[in-house]
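For reference, the structure is listed below as structure tokens.
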Amino acid sequence: MTKNLVIVESPAKAKTIEGFLGKDFTVKSCFGHVMDLAKKGLGVDIENGFIPQFVISPDKKKVVADLKKLAKDAQKVWLASDEDREGEAIAAHLVDALDLREDGIHRIVFHEITKPAILQAIENPRSIDQYLVMAQQARRVLDRLVGFELSPLLWKKVKPALSAGRVQSVAVRLIVEREEEIRNFQVVSSFRIIALFPVKNGKKTTMVQAELNKRFDTHDEAIAFLEQCRDAKFTVEDIETKPSKKSPAPPFTTSTLQQEASRKLGFSVANTMRVAQELYESGKITYMRTDSVNLSGLALGMAKTEITDSFGKEYVKTRNYVTKTKGAQEAHEAIRPTYMDRHSVEGDRSRKRLYELIWKRTIASQMADAELEKTTVTIGISGTSEKFTARGEVIRFDGFLKVYMESSDDNSPEESEKMLPPMNTGDILEAGEITAEQRFSQQPARYTEATLVKKMEELGIGRPSTYAPTISTIQKRGYVVKEDREGILRPYVMATLKDGEITEKTQTEKTGFEKNKLFPTDIGTVVNNFLLQYFENIMDYNFTARVEEEFDEIAQGKMVWNKMIGEFYGPFHEQITGTLEGTKKVSGARVIGTDPKSGEKVLVKIGRYGPMAQIGEGEEGQKPRFSSLKKGQSIETITLEEALDLFKLPRNLGLYGDSEVIVSTGRFGPYAKYAGAYYSLAKTDDPLSITLERAVEIITEKQKEAQSRIIHEYPEEPTLRVLNGRYGAYISYNKQNFKLPKGTKPEELTLEDCRKIVSETQPTKSAKGRKKK
DNA sequence: CAGTGAGCGAGCTTCCGCTTGACTT
């Protein structure tokens, strides 16, 4: 029996708050939303004003039952869900699900988990803001209508089990369009001129690097310029020294944490969130799903003390950052260490590194600016108006740079700006060497998971709690793949003027190398183009921003929620029925040429099982020939030659022992088939060129590997074996798997023991069964 | 887990945002 029951969203938060409130308070968590639209069907009554059918989520039945029991016994129930649209709805759903009395509702909110903030909240309870609840309802209903009407359309027009939605479809669009930009990108080259001037500085000579203020379009112009420099005089014409400042980046939000962890630590978005969750649950950091850069007064104070103690008071600068993100709800603080004097944490390497990143970023955000001095030296060339420019930078006061520097997403190497030796206007310089180097324009960068999140946040699409799941959804649906690409070697020309001689050589550099980048698949491209053609309004980058404005008006009581939904749904539903009736199935078919052997058309398209190539169209009773595309190939870019290669499979490599070895490409990539069994080829093997020797090598190696997994075999029962698997030993019997009871020693199992286990335990679910779930 | 691509039809798939564990062959 408790006097006061406080309900918050997160259990870690509940534990902290319970410590702040006395023994008269019990603090429990509802684990986020407890009610949602019914999973089956639309869950929205379109005929009667779009009334949503909210039901208690199946996985929250127990939570709700437990809370209900506690609420019944409590004198007062305090609803302390987050102060935003979703939080208000959670409070309203709790009233409903727990059968709370309307007059006994105490809704409280706080933005930071500190004792004064909690106590102040308790002093100022309010009722539930029904307008805000209606705004959430509008958001939820709109997303359901869009998702559950568009997805079935895709099942009919493209492929079953696809999905579309306000957020995911726009995320895919970004990736498809970026790929298009890259495909259409015209690489142009120009010649950059760099000069090295030896400058005496006392006894030492420093090489000063200067770049010409002009690039030449052609090789001939660049060489002509070098010729001109051969006898030219170089004079220091101007030296300008300017003080400059650098300021620290604001503390982390979910999105910026994901970006920095990706750049600095190489973490995937999901990995960052998993590790951050661990840090949060063990009380090391504040909540990790936030869009706010705000720090509590308590945090500011702790940071100030910490910086003063560690670096001195001249390094302190207390700053309040303002969130600029579109549609930010600011229900939480920024992500920060709970205690600023904890410089590191226990745990595995990734936990340590992520914590350290958060600590440095937070501390740096409260430190003084770095003070720099930038020097620009302009060097004139006799006989031409072009100038060389040398730049140098000196740090006068390091400030926050002592702790942390934000990384950038550009793949251009940082211009190394070093200290320049003293020089004077009028100095005559000698050119040590002058180099003309061919440089190429850079294609737009493909998205990483983290830069996609950044872009989505800019567009106001998705929320901190959904960035990671959305990225996993678009990959799971097969719209997008995260992949590496081998670069190609590109030759470039370099001409050097040294000691009056111009020498030229061709060198090579690697270009187009990609690591963990997002590429659209053919399905992604076809679905995107289809949606763009018929639902341009939903796919508009500003669609979310516009509906968010209307949700805000609903929250302010200036707009009626179901009127807003009605105005959207009428035209939208007409688009759906119009497209349903007015279009044929889309396949993205593209004729890429003619088969020289048969003279028939060769085309590529999306088939029932994915991207495929096809020879002939099945006219005059001829059956077309089919082949799936290989991994990495796309119907957008495949050439006729590559497509024709596909039809050279399967290949018979010849006999090994008594059986033939046949290679081909299947659903899971290239494989060799031998004596009725399948063996996957390695990534580096090409089924078109692999030799019998290499295939046999793979086959024998895999056979040996399979042999080593066997712990026991019993001649009396050939289908029963004890095997070593990923999760330890298990029994395989008649293609079903059985777990071993705890404490079993697999080495000592007799056939009798195994038979007993098989008859007494349930087989584990097969991989197929789980995937379907 | 593996080579498919005729056609029919039943029954299934799906959204976005809040939260954590359960469980893995």
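Just so it is clear, the structure is predicted and the values come from calculations on it, not from any experiment. Labels below follow one simple rule: chain letters A, B, ... track the order of the sequence lines, proteins then strands, and each chain is numbered from 1.
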Would you indicate what A:Pro152 reaches in the nucleic acid, counting non-hydrogen atoms under 4.0 angstrom: base, sugar-phosphate, or nothing? base
Quick one: label A:Gly165 by what it contacts on the DNA or RNA (base, sugar-phosphate, nothing), any heavy atom closer than 4.0 Å. sugar-phosphate
Hey, what do you get for CD (A:Glu9) to OH (A:Tyr287), rounding to the nearest 0.5 Å? 7.0 Å
With a non-hydrogen cut-off below 4.0 angstrom, is A:Leu162 in contact with a base, only sugar-phosphate, or nothing? sugar-phosphate
Verify stack between A:Phe148 ring and B:dT14 base, 5.5 Å, 30 degrees: yes
Stacking of A:Trp155 on B:dT13 base (centres under 5.5 Å, planes under 30°): yes
Counting only N and O atoms by type, is there a donor-acceptor contact under 3.5 Å from the side chain of A:Arg651 to the main-chain atoms of A:Pro687? yes
Is A:Gln168 close enough to B:dC15 that one of its side-chain N or O atoms is under 4.0 Å from OP1 or OP2 there? yes
Side chains of A:Thr253 and A:Asp291 only: does a donor on one sit below 3.5 Å from an acceptor on the other? no
Students often get this wrong, so: under 4.0 angstrom with heavy atoms, is A:Tyr280 touching a base, only sugar-phosphate, or nothing? sugar-phosphate
Reckon A:Gln614 has a side-chain N or O less than 4.0 Å from the OP1 or OP2 of B:dG5? no
So, does A:Ser10 get its side chain near the phosphate of B:dT20, meaning an N or O under 4.0 Å from OP1 or OP2? yes
Phosphate oxygens OP1/OP2 of B:dG17: is one of them under 4.0 Å from a side-chain N or O of A:Arg140? no
For atom CZ of A:Arg625 and atom C1' of B:dG5, their distance in whole Å: 14 Å
Across the strands shown, which category fits A:Asp82 at heavy-atom distances under 4.0 angstrom: base, sugar-phosphate, nothing? sugar-phosphate
Please determine whether any donor N or O and acceptor N or O are separated by less than 3.5 Å between the side chain of A:Ser628 and the base of B:dG5. yes
Could a donor-acceptor pair under 3.5 angstrom be found where the side chain of A:Arg463 meets the base of B:dC18? no
Assign A:Pro11 to base, sugar-phosphate, or nothing according to its heavy-atom contacts below 4.0 angstrom with the strands shown. sugar-phosphate
With no hydrogens and no angle check, is any side-chain donor or acceptor of A:Tyr479 less than 3.5 Å from a backbone partner on A:Leu162? no
A:Tyr287 near the nucleic acid: base, sugar-phosphate alone, or nothing, with a heavy-atom cut-off under 4.0 Å? sugar-phosphate
Examine B:dT20: is either OP1 or OP2 under 4.0 Å from a nitrogen or oxygen in the side chain of A:Arg289? Give yes or no. yes
Nearest-nucleotide wise, let me know which of A:Met288 and A:Ser151 is further upstream toward the 5' end of DNA chain B. A:Ser151
Give A:Arg166 one of three labels, base, sugar-phosphate or nothing, depending on what nucleic acid heavy atoms sit under 4.0 Å from its own. sugar-phosphate
Are OP1 or OP2 of B:dC18 and a side-chain N or O of A:Ser465 less than 4.0 angstrom apart? yes
So what does A:Val167 hit on the nucleic acid, given a heavy-atom distance under 4.0 Å: a base, only sugar-phosphate, or nothing? sugar-phosphate
Using 30° and 60° as the class boundaries, would you call the ring planes of A:Tyr671 and A:Tyr678 parallel, tilted or perpendicular? perpendicular
With a 3.5 Å cut-off and just heavy-atom distances, do the side chain of A:Ser680 and the base of B:dA2 make a donor-acceptor pair? yes
Which of these nucleotides, B:dT20, B:dC18, B:dC15, is closest to any side-chain atom of A:Lys39? B:dC15
Using the side chain to side chain donor-acceptor pair (under 3.5 Å) rule, pick out the option among A:Glu333, A:His332, A:Glu83, A:Glu330 that qualifies with A:His111. A:Glu83
With a non-hydrogen cut-off below 4.0 angstrom, is A:Ala89 in contact with a base, only sugar-phosphate, or nothing? nothing
Heavy atoms under 4.0 Å, any strand shown: does A:Gly610 hit a base, just sugar-phosphate, or nothing? base
Side chain of A:Phe626 only, heavy atoms from C-beta on: which candidate in B:dG17, B:dA6, B:dT19 is closest? B:dA6
Rounded to whole Å, CZ of A:Arg85 lies from P of B:dC16 at a distance of 14 Å
Counting only side-chain N and O atoms of A:Arg139, is one of them less than 4.0 Å from OP1 or OP2 of B:dC18? no
Let me know, please, whether A:Gly462 or A:Pro160 comes out on the 5' side of the other along DNA chain B by nearest nucleotide. A:Pro160
Would you classify A:Ser587 as touching base, sugar-phosphate or nothing, given that sugar-phosphate means primed atoms plus P, OP1 and OP2, and contacts are heavy atoms under 4.0 Å? nothing
Hey, does A:Thr466 reach any base, or is it just sugar-phosphate, or nothing, if we go heavy atoms under 4.0 Å? base
Under a 3.5 Å distance rule, please check whether A:Arg144 uses its side chain to pair with a backbone N or O of A:Leu42 as donor and acceptor. yes
Output yes when at least one side-chain N/O atom of A:Arg608 is less than 4.0 Å from OP1 or OP2 of B:dA6, else no. no
